Amino acid sequence: MSAKCILEFDLIPMKKDTLQTIAERTGFSKSTVSRVVSGQGRRYRISEAAISKIQDEIRACGYTPDLIAQGLRTRRTNTVGLTIPSIDNPFFASL
């Protein structure tokens, strides 16, 4: 391989796992996977076997929900803003 090929290969981003890809690998629907990810599997009466299979796949692929997408969807980011008068004051600088 030439150096050019290696550099081009390194720049190709890896695809991030999505609910759809996890659903395809586990054989469950996207909505079932979503309910397990959000912690509502038992509320929707999803079997313990299905929950454990989906959670195993989530752990195996290192899936984490996109917090920005969740915030856009729910209109809640659980972020607190803090306005301070100046960072010159040692009290505010330590925050």
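This is a predicted model, so every value here is computed, not measured.
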Worksheet item: Should R35 and T32 count as side-chain neighbours, where that means a heavy-atom distance under 4.5 Å?
Response: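 No; the side chains remain at least 4.5 Å from each other.
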Fill in: salt_bridge(E48, R42) N-O dist < 4.0 Å
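Yes, E48 and R42 are salt-bridged.
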Please name the pair of heavy atoms, one in [X] and one in [Y], separated by the smallest distance, quoted to 0.1 Å.
| X | Y | answer |
| --- | --- | --- |
| I46 | I51 | O-CD1, 3.5 Å |
| T26 | K53 | O-NZ, 3.2 Å |
| G71 | T77 | CA-CG2, 4.2 Å |

Got a list of side-chain donor-acceptor pairs under 3.5 Å for residues 58-66, not counting sequence neighbours?
residue : atom : partner : partner atom : Å
R59     : NH1  : D56     : OD1          : 3.0
D66     : OD1  : I68     : N            : 3.2

Worksheet item: Could you give the distance from CG (D17) to CD (E57), rounded to the nearest 0.5 Å?
Response: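 CD of E57 is found 7.5 Å from CG of D17.
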Discussion item. Would a single hydrophobic cluster contain both Y44 and I54, if residues Ile, Leu, Val, Met, Phe, Trp and Tyr are joined by side-chain heavy-atom contacts under 4.5 Å?
Written reply: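 As far as the 4.5 Å side-chain criterion goes, Y44 and I54 are connected within one cluster.
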Discussion item. Quick check: is F91 connected to L82 through a chain of hydrophobic side chains (ILVMFWY, heavy atoms under 4.5 Å apart)?
Written reply: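 Same hydrophobic cluster.
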